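Everything numeric here is computed off the predicted structure, so don't read it as measured data. Proteins come first, then strands; the chains are lettered A, B, ... in the order of their sequence lines, and each starts at number 1.
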Protein chains: 2
Amino acid sequence: MTNDPLVIFTPSGKRGRFAVGTPILTAARQLGVDLDSVCGGRGICSKCQITPSYGEFPKHGVTVHEDALSVWNAVEERYDQIRGLKEGRRLGCQAKVQGDVVIDVPPESQVHRQVVRKAAAARDIVMDPATKLYYVEVAEPDMHEPTGDFERLCRALKDQWQVEGVTASLAVMRKLQPALRKGEWKVTVALNKGHNDTNFRVLDIFPGFDEGRIYGLAIDLGSTTIAAHLCDLRNGLVVASSGIMNPQIRFGEDLMSRVSYSMMNPGGDQEMTRAVRSAINTLTIEIAKEAEIDAKRIMETVFVCNPVMHHLLLGIDPVELGQAPFALATSHSVSLDAMELELDAINASARVYVLPCIAGHVGADAAAVALSEEPGKSEDLVLIVDVGTNAEILLGNTTRVLACSSPTGPAFEGAQISSGQRAAPGAIERIEIDPITKEPRFRVIGCELWSDEDGFAEQTKATGVTGICGSGIIEAVAEMRAAGLVDNKGLIGSAEQTGTERAIAEGRTNSYLIYDGTDAGGPRITVTQGDIRAIQLAKSALYAGARLLMDEMGVDVVDRVTLAGAFGAHISPKHAMILGMIPDVPLDKVTSAGNAAGTGARIALCSNAARAAIEETVTKITKIETAIEPKFQEHFVNANAIPHATDPFPNLSGEVTLPQLNFNDGGGDRGGRRRRR
Amino acid sequence: MTNDPLVIFTPSGKRGRFAVGTPILTAARQLGVDLDSVCGGRGICSKCQITPSYGEFPKHGVTVHEDALSVWNAVEERYDQIRGLKEGRRLGCQAKVQGDVVIDVPPESQVHRQVVRKAAAARDIVMDPATKLYYVEVAEPDMHEPTGDFERLCRALKDQWQVEGVTASLAVMRKLQPALRKGEWKVTVALNKGHNDTNFRVLDIFPGFDEGRIYGLAIDLGSTTIAAHLCDLRNGLVVASSGIMNPQIRFGEDLMSRVSYSMMNPGGDQEMTRAVRSAINTLTIEIAKEAEIDAKRIMETVFVCNPVMHHLLLGIDPVELGQAPFALATSHSVSLDAMELELDAINASARVYVLPCIAGHVGADAAAVALSEEPGKSEDLVLIVDVGTNAEILLGNTTRVLACSSPTGPAFEGAQISSGQRAAPGAIERIEIDPITKEPRFRVIGCELWSDEDGFAEQTKATGVTGICGSGIIEAVAEMRAAGLVDNKGLIGSAEQTGTERAIAEGRTNSYLIYDGTDAGGPRITVTQGDIRAIQLAKSALYAGARLLMDEMGVDVVDRVTLAGAFGAHISPKHAMILGMIPDVPLDKVTSAGNAAGTGARIALCSNAARAAIEETVTKITKIETAIEPKFQEHFVNANAIPHATDPFPNLSGEVTLPQLNFNDGGGDRGGRRRRR
């Protein structure tokens with residue numbers, strides 16, 4: 001055997017000697033080299049492309065001659081003419097070993113290739129999907145040795161792919177016989193095997209060699225919004241993202257009011273279950289349309305959500321989650337058929353994976369954040385805040401990870417805010433208020449210009465200025481506080497107290513006018529005293545939760561803060577800190593993780609290994625129940641004020657005077673300093 | 001340890017030494033003695049009853065003293081007062097070892113007890129059900145160590161029953177939390193683990209210790225009728241039996257016309273699928289009502305059926321079964337959730353098991369007959385004929401088993417017969433025709449008297465005489481032949497030819513009048529020429545199938561014949577042989593197995609081991625496809641005549657002259673002899 005040619009694969013470095021005439025794909029498989037193939041080496045799928053290298057390789061101790069591989073053949077020529085092969089590429093199933101050779105497997109030919117995520121800070125996803133395509137050639141039926149078509153398909157999968165223990169739903173059984181005959185006994189099957197499964201499931205069957213893609217949905221099922229990423233299951237890339245309001249809002253804006261609805265109305269939980277499942281189907285149809293794909297090509301859906309949404313999605317009455325001891329019906333991950341959830345927009349045999357819950361108030365969404373942000377692998381102490389109708393809060397480092405949930409309500413998402421709206425074109429997302437003139441300027445989604453810049457009116461003509469989104473209201477309140485329009489208790493001053501006509505009396509309180517479009521038939525956008533109160537409650541809940549975890553960890557400061565959540569990416573860290581949403585840390589230590597829960601869902605969608613990992617991780621997280629901790633109430637009350645700004649912004653240039661008003665005490669500027677750009 | 005008392009169990013003979021104070025139940029479990037328990041030794045379920053024996057046991061080498069067990073305790077006293085314990089019985093979980101003792105485990109305390117079947121010839125069923133009840137005490141939720149209620153249930157099952165790998169459907173998840181709380185953290189769960197499963201499924205959960213029973217349905221899904229046995233899953237006893245017409249008859253009486261309906265009408269297969277599933281639900285509700293049980297207590301359903309019914313039940317278009325090579329979509333057994341078949345009358349999480357098919361024309365019903373009758377274990381060569389709209393035919397002994405199916409049509413079931421009807425009170429089931437006077441006498445279902453006996457009119461007043469059932473028409477044709485009313489080609493003679501006014505001209509053919517009830521507003525029951533033709537076609541198909549198997553086996557005679565089928569028990573072997581339905585064998589070698597397919601279904605319902613066994617058996621059966629064997633047509637044509645009776649009845653006393661008429665050839669008695677009682 002030592003006379004056989006040496007085949008060396010890069011980048012893996014795996015090597016072995018193979019008889020002359022061995023296809024490179026065969027050599028790769030025998031060595032365990034990660035070289036893709038859907039058609040099993042028949043020269044159909046072109047997934048096994050490799051790049052041979054020629055010349056001297058002192059590092060590897062070989063010289064590769066020009067004739068190290070069999071000559072370019074007709075299969076390769078045909079593929080090259082029809083589809084085009086990159087310069088220097090060969091098909092691994094066609095090119096055969098003739099002499100010592102060094103073979104590079106390009107990233108796109110690796111099954112377990114890495115997908116680079118957009119968010120720079122986050123780790124990449126290594127593809128390890130539960131569902132993959134397999135092309136097989138099935139024996140025709142023989143009357144004298146009668147076996148079912150399905151049994152012959154299983155035999156072919158075993159012989160051609162070493163896949164054993166294959167099952168199929170009735171939906172697939174129905175398609176099996178026509179597909180085999182249409183494909184002339186050649187079919188492509190989508191096989192699924194979850195990380196806890198012992199068997200493979202046939203999810204779908206396509207006649208012949210199917211070149212189509214298969215997809216998965218990663219869904220972040222929030223109390224207020226449902227956000228979905230449609231991902232290509234071969235490479236993990238997001239091909240479309242979309243969102244929809246959670247229609248359960250009509251049963252109650254926050255989670256506890258939905259639990260109450262269920263308690264008060266027999267069958268109310270089922271009503272809410274139907275509503276959310278129907279919305280998911282609508283969202284699915286929309287996102288498939290946007291991506292211009294057949295929704296039946298969606299083979300898997302991964303859900304992350306808080307415990308109440310988790311139960312309502314699964315059709316379990318959440319009533320136990322509304323009272324101590326907040327017992328979940330099930331805390332482990334849930335794997336099931338999509339049909340059980342009536343998700344009929346996607347493939348009839350599609351599978352669903354729901355991440356595990358951490359505790360009765362800390363759900364699969366928090367688990368997803370932990371999967372995405374990996375606090376347990378952080379050397380410094382990181383506070384991760386996923387802001388939504390409920391805030392999921394994680395605090396930890398390599399020694400220990402703590403988690404809790406805090407009922408912030410929907411204010412941060414623009415709900416329960418007088419001029420609040422979803423983040424959509426026309427919504428105010430950035431605000432600055434001049435501390436001297438008290439005049440605002442703002443930016444709206446869909447326009448790069450500030451409202452006081454030339455061309456703003458022109459560029460926003462189509463969308464108009466329609467309201468304030470979640471990040472906008474946070475900036476508005478923080479800026480009002482910084483500009484002396486609001487005191488530390490959160491009261492908006494009168495026109496007299498603040499010296500601006502934009503402060504408008506409304507009954508016994510005041511509002512601050514940001515934009516008046518009524519002349520042009522547009523809205524009048526103000527921040528009311530009620531808005532300030534809603535934001536105060538929300539931020540106090542958030543801060544109190546974080547403090548509780550810090551108490552448990554025995555620390556007064558954290559090293560860094562990660563803001564996550566559907567709109568986490570849009571929150572200005574500076575304004576969040578002015579508001580007192582998060583503990584003080586150097587501003588450059590506050591980063592945004594985007595929709596970390598959604599990212600966690602996407603990771604779980606792309607990787608069986610990640611599913612196993614997060615199931616292990618959640619068992620090790622220390623759960624803190626905010627609802628029964630007396631100190632939570634204490635922190636909550638203490639966090640109600642909008643704090644003095646004690647120089648939290650060392651990186652900002654310029655200084656401004658931060659007025660410390662207290663309108664109830666008669667008002668007046670008590671001084672205080674802060675730098676301001 | 002040698003000083004520890006010796007505990008000997010009978011009838012198993014298992015023995016071991018156990019420390020003083022060891023409960024008998026514990027000793028039994030450690031020795032692997034088959035001693036039942038649902039409550040896990042808590043003195044609740046009383047399933048572990050045992051009978052200690054006292055005195056000298058030279059055979060076992062022990063003397064058992066009166067104090068060999070701990071004294072009768074309060075738990076036993078309470079149980080005895082409420083329910084009553086048989087004399088000498090103790091509860092195995094309460095009685096503890098004090099000295100050497102001999103313990104008898106009565107049959108009703110054995111899990112794997114045998115159920116004696118009614119049919120004397122058939123083997124007994126050893127209980128090994130896939131679904132059993134388990135009582136568990138579950139830990140209450142702890143806010144500081146949050147785990148789901150389901151995870152704590154699994155933990156309890158593991159700790160208290162060594163049951164691991166438990167899953168639950170969403171339907172069970174929905175019931176879990178209320179059941180745990182209602183039962184104060186004590187519940188009884190129905191766990192299912194099929195012979196091919198790796199996990200246990202929770203099918204249902206009941207608060208507290210549930211004393212109710214759980215049931216299974218064994219369904220023989222025929223082309224014409226659907227027959228069900230409702231069985232107690234603890235002991236295998238049939239608590240009710242019922243049947244219903246297969247509503248698919250409106251789409252075609254025989255299988256091929258249903259396949260044609262599917263071919264000609266898009267969606268026709270789905271129409272038929274809906275019809276049969278709906279009928280099964282109706283039947284289920286009826287049988288549960290009859291047995292006075294809650295249908296939701298039905299945890300499993302086992303189906304046996306021919307391949308076309310198999311596919312239509314599963315919702316698979318049977319079109320491929322209508323043309324060579326008659327490929328089944330799947331031939332293996334099928335295990336699935338009852339909900340997938342829309343069987344919503346039974347438990348929402350109930351399981352379905354469909355026996356494997358043998359070939360494209362030899363279905364799960366034939367497999368069930370093989371399971372029940374075990375031709376592969378027969379020393380002599382046995383021909384098993386399961387008569388229905390399709391006849392399933394098995395021929396074999398310990399060396400080899402052959403199988404085929406033959407399209408007999410529905411005539412044997414009383415369909416397509418002018419006065420035909422289902423076997424029900426009022427139907428003629430027995431007929432004798434006097435060969436001299438040509439006068440008939442008959443018996444109807446529901447009355448022990450013959451029609452010429454005193455009191456017949458009185459006793460049949462309620463039901464009347466309504467028609468002829470399957471066994472009746474076979475006897476009628478055979479008797480008509482024996483009485484010289486029909487020639488060997490099957491033609492009915494005229495009044496002139498036969499010498500009886502009961503031969504009535506109808507157009508160009510004749511009918512034979514059996515009963516005229518028109519004076520009293522009742523029916524006029526005749527056997528028409530069309531009826532004879534239908535029976536001839538049916539019996540020829542049956543005989544040709546049997547001959548084909550005999551050819552393949554290389555034999556001209558068989559040692560014995562077993563008649564099976566829904567009405568197999570009612571066929572007179574003598575008449576079947578006169579008719580030429582079955583090959584000639586000594587009359588005492590023809591036995592009835594009753595509904596062997598239904599029995600096979602019941603065995604599979606009661607035993608995981610039997611499911612595994614039949615799956616193995618079917619792979620070893622040689623399949624013969626009648627539809628493509630030229631010799632089948634040949635045998636069919638040859639079998640069309642109603643044969644000369646050449647002394648096939650050596651056991652019958654008396655002799656009669658059997659006329660050999662041929663009315664086409666001018667008629668006349670050509671002689672021939674037969675004995676007749």
Side-chain angles (χ1 to χ4, degrees), chain A residues 140-154 167-171 173-178 180-181 197-199 269-270 311 314-317 319-320 324-332 334-337 339-341 356-362 619 622-625 627-628, chain B residues 140-154 167-171 173-178 180-181 197-199 269-270 311 314-317 319-320 324-332 334-337 339-341 356-362 619 622-625 627-628:
Chain A
E140 295 190 32
D142 174 353
M143 230 165 345
H144 301 289
E145 285 296 330
T147 58
D149 283 352
F150 181 66
E151 284 70 24
R152 268 174 284 107
L153 170 66
C154 291
T167 64
S169 69
L170 290 183
M173 281 291 183
R174 268 190 277 278
K175 299 175 81 166
L176 174 69
Q177 295 197 312
L180 281 170
R181 282 152 187 83
D197 291 340
T198 47
N199 287 327
D269 61 313
Q270 290 162 47
H311 279 40
L314 295 180
I316 301 169
D317 192 335
V319 62
E320 294 299 331
F326 312 108
L328 291 156
T330 179
S331 52
H332 278 193
V334 178
S335 294
L336 73 177
D337 290 329
M339 274 301 167
E340 286 193 73
L341 301 184
C357 289
I358 296 176
H361 277 160
V362 191
T619 63
T622 304
K623 298 88 182 173
I624 307 295
E625 184 50 73
I628 52 157
Chain B
E140 296 190 31
D142 174 355
M143 227 166 346
H144 301 290
E145 285 297 330
T147 58
D149 283 352
F150 181 66
E151 285 70 24
R152 269 174 283 108
L153 170 66
C154 291
T167 63
S169 69
L170 290 183
M173 282 290 183
R174 268 190 278 277
K175 299 174 83 167
L176 173 70
Q177 295 197 311
L180 282 169
R181 282 150 187 85
D197 292 339
T198 47
N199 286 326
D269 61 312
Q270 289 161 49
H311 278 40
L314 296 180
I316 301 169
D317 192 335
V319 63
E320 294 300 331
F326 311 107
L328 290 157
T330 179
S331 52
H332 278 193
V334 178
S335 294
L336 73 177
D337 289 328
M339 274 301 169
E340 285 193 74
L341 301 184
C357 288
I358 296 175
H361 277 161
V362 191
T619 64
T622 304
K623 298 88 181 173
I624 308 294
E625 183 49 72
I628 54 157

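Among the candidates A:Pro325, A:Ala171, A:Ala329, A:Pro141, the residue making the largest number of heavy-atom pairs closer than 4.5 Å to chain B is A:Ala329. The candidate with the highest count of non-hydrogen atom pairs below 4.5 Å against chain B, out of A:Met173, A:Lys623, A:Glu625, is A:Met173. Of the listed residues (B:Ser169, B:Ala359, B:Pro178, B:Ala327), the one with the most heavy-atom contacts under 4.5 Å to chain A is B:Ala327. Heavy-atom pairs under 4.5 Å with chain A were tallied for B:Gln177, B:Glu151, B:Met339; the largest tally goes to B:Glu151.
Between the OG1 atom in A:Thr198 and the CG atom in B:Asp197 there is a gap of 9.0 Å [rounded to 0.5 Å]. Separating the CG atom in A:Asp337 from the CG atom in B:Asp337 is a distance of 8.5 Å, to the nearest 0.5 Å. Taken to the nearest 0.5 Å, the CZ atom of B:Arg174 stands 7.0 Å off from the CD atom of A:Gln270. The CZ atom of B:Arg152 sits 9.0 Å away from the CG atom of A:Leu328 when rounded to the nearest 0.5 Å. Taking NE2 from A:His144 and OG1 from B:Thr622, the interatomic distance works out to 13.0 Å, rounded to the nearest 0.5 Å.
Contact of A:Ile358 with chain B is made through the backbone alone, with heavy-atom distances under 4.5 Å. Of the two parts of B:Ile624, neither the backbone nor the side chain holds a non-hydrogen atom closer than 4.5 Å to a non-hydrogen atom of chain A. The parts of B:Leu170 that come within reach of chain A are both its backbone and its side chain, each placing non-hydrogen atoms under 4.5 angstrom from that chain.
In this structure, the side chains of B:Asp149 and A:Thr330 stay at 4.5 Å or more apart for every pair of heavy atoms. Counting heavy atoms from C-beta on, the side chains of B:Arg181 and A:Glu320 come closer than 4.5 Å. Taking the side chain as every heavy atom from C-beta outward, A:Leu176 and B:Ile316 never approach each other to under 4.5 Å.
Under a 3.5 Å cut-off, the side chain of A:Ser331 and the backbone N or O of B:Gly148 do form a donor-acceptor pair.
Among all heavy-atom pairs drawn from A:Gly360 and B:Pro146, the shortest one is N-CB, 4.5 Å.
Looking at residues two or more places apart in sequence or on another chain, you find a ring-ring contact (aromatic ring centres under 6.0 Å, His included) between A:His361 and A:Phe326.
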